[in-house]
Amino acid sequence: MAAVRKLLRAALLVLVGCALLRISLLIDLYLRYVKEGLRPLLIASGAVLVLLGLMAFVRVRHHDGQEATDHGHTHSSAGPKTAWLLGLPALMLLLFAPPALGSYTVARDGSGAVAKRTTFAALPAQSPLALSLTDFTSRAVWDEKASLKGRTVRLTGFVTPASSDSWQLSRVIVSCCAADARVVKVEIHGIAAPPGNAWVTVTGTWRPDAKAPALDATGLNRIPQPKNPYRDTAQP
């Protein structure tokens, strides 16, 4: 039984390591959960776990499942039982990778907070003007010069259904991983909402009399989900 337990623990190490390598080594699934800069750490961690698991398999075979003893006392190598809880998420990453955070997260964010800014660079003269949702919402709330007034802008994000006469163009932004995600959202008026979680580019003008950052939309295009859904950048 001791040898079986050791083999299972080794298998768990290999399983978790393979899950990390699957989402980070050859494809970009890891971007659904962490920022880009963590990719080398994920690859290194996955490789180390797989190597440790394989070494454990070899060790169990060479020792024929016997427990090492010292002065007549058996030394158990049993680890914490909670470690087995890693098996389920690792198996999910191997078989079915959960999607990035989307409209479900936004709909349950009741803060509506917009990070305060005190300085704003002059906007280019081009029209429509591509802006990130972060820049648009900051200017809508904190720019005393109302630099958005009368400007036609283009914003990109995913759809979050809201009330009957409006919906939200949203972004989820992470600093490190999905656990520290924050929400940025703009109310969209004038165009019917596409399906929830659909990625779109919306053209329109700022609605200055709204309580929250809002846009009177004049055009909408469906787009594929960006490679990194957590990076809030202006789309040309």
Side-chain angles (χ1 to χ4, degrees), residues 19-40 42-43 46 89 92-109 123-124 126-140 148 151-163 166-206 213-236:
L20 290 177
L21 292 175
R22 187 224 168 192
I23 66 172
S24 60
L25 184 58
L26 300 177
I27 54 179
D28 297 320
L29 281 176
Y30 75 100
L31 292 174
R32 299 181 182 181
Y33 319 114
V34 298
K35 64 180 184 180
E36 286 178 296
L38 294 179
R39 184 175 198 171
L42 289 176
I43 294 174
M92 289 182 62
L93 286 177
L94 283 173
L95 301 179
F96 170 75
L101 300 178
S103 61
Y104 180 88
T105 300
V106 176
R108 281 149 185 80
D109 177 78
L123 292 173
Q126 67 190 63
S127 182
L129 176 63
L131 293 175
S132 67
L133 260 63
T134 299
D135 194 13
F136 179 87
T137 55
S138 295
R139 290 177 183 272
L148 293 175
R151 298 298 304 271
T152 300
V153 300
R154 183 167 60 237
L155 307 176
T156 298
F158 61 84
V159 177
T160 301
S163 62
S166 68
W167 49 279
Q168 294 173 336
L169 186 67
S170 312
R171 284 276 195 168
V172 176
I173 304 172
V174 303
S175 299
C176 176
C177 61
D180 63 18
R182 62 183 179 87
V183 169
V184 182
K185 51 192 175 183
V186 175
E187 289 184 0
I188 304 297
H189 300 265
I191 288 183
N197 288 314
W199 280 84
V200 297
T201 295
V202 181
T203 304
T205 55
W206 173 46
L215 193 77
D216 287 318
T218 57
L220 180 148
N221 290 318
R222 294 280 297 270
I223 63 171
Q225 177 177 302
K227 175 183 175 181
N228 186 350
Y230 298 135
R231 180 190 291 173
D232 182 24
T233 55
Q235 301 294 317

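These figures come from a predicted structure and were not determined experimentally.
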Which atom names give the shortest non-hydrogen contact between Gln168 and Ala162, and what distance separates them? CG-CB, 4.2 Å
Contacts of Thr218 meeting side chain to side chain donor-acceptor pair (under 3.5 Å) (sequence neighbours excluded), chain-then-number -> none
Quick one: CZ on Arg182 to CG on Asp180, what's the gap to the nearest 0.5 Å? 9.5 Å
Quick check for you: to the nearest 0.5 Å, what is the distance between Arg154 atom CZ and Leu220 atom CG? 12.5 Å
Pro213 side chain reached by Trp206 side chain, heavy atoms, under 4.5 Å: no
Hits for side chain to side chain contact (heavy atoms under 4.5 Å, CB included) against Pro224, two or more places apart or cross-chain, chain-then-number order -> none
CG of Leu131 to CG of Leu148, rounded to nearest 0.5 Å, is 6.5 Å
Kindly give the heavy-atom pair with the smallest separation between Trp167 and Pro161, and that separation in Å. CB-CA, 4.5 Å
How would you list, by chain and number, every residue that makes a side chain to side chain donor-acceptor pair (under 3.5 Å) with Ser132, sequence neighbours excluded? none
All side chain to side chain donor-acceptor pair (under 3.5 Å) counterparts of Ser24, not counting sequence neighbours: none
Side-chain donor/acceptor of Thr137 to backbone N/O of Thr134, under 3.5 Å: yes
Listed partners of Pro99 passing side chain to side chain contact (heavy atoms under 4.5 Å, CB included), at least two apart: none
Excluding sequence neighbours, so at least two apart, what forms salt bridge (charged side-chain N to carboxylate O under 4.0 Å, His left out) with Asp28? Arg39, Lys227
Measuring from Leu123:CG to Leu129:CG, what's the distance to the nearest 0.5 Å? 5.5 Å
Hits for side chain to side chain contact (heavy atoms under 4.5 Å, CB included) against Leu133, two or more places apart or cross-chain, chain-then-number order -> Leu155, Leu169, Arg171, Val184, Val186, Asp232
Minimum heavy-atom separation for Val202 to Ala217, with atom names? CG1-CB, 3.6 Å
Output every pair passing salt bridge (charged side-chain N to carboxylate O under 4.0 Å, His left out) with a member in residues 215-224, not counting sequence neighbours, ordered by first then second residue. Arg207-Asp216
Rounded to the nearest 0.5 Å, what separates atom CD1 in Ile188 from atom CG in Leu215? 4.5 Å
For residues Tyr33 and Val174, determine if any side-chain heavy atom of one lies less than 4.5 Å from a side-chain heavy atom of the other. no
Counterpart residues, side chain to side chain contact (heavy atoms under 4.5 Å, CB included), relative to Val34 (two or more places apart): Tyr30, Leu38, Leu42, Cys177
By side chain to side chain donor-acceptor pair (under 3.5 Å) - contacts of Thr205 (at least two apart): none
Which atom pair, heavy atoms only, marks the closest approach of Ala100 to Arg32? N-CD, 3.8 Å
Are Tyr230 and Val172 packed together at the side-chain level, in the sense that at least one heavy-atom pair is separated by less than 4.5 angstrom? yes
Measure the spacing between CZ of Phe158 and OG1 of Thr105 and express it to the nearest 0.5 Å. 7.0 Å
With a 3.5 Å cut-off and sequence neighbours excluded, list the donor-acceptor pairs that the side chains of residues 190-198 form with protein atoms.
unit_1, atom_1, unit_2, atom_2, d
Asn197, OD1, Ser103, N, 2.7
Asn197, OD1, Ser103, OG, 3.1
Asn197, ND2, Ser103, OG, 3.2

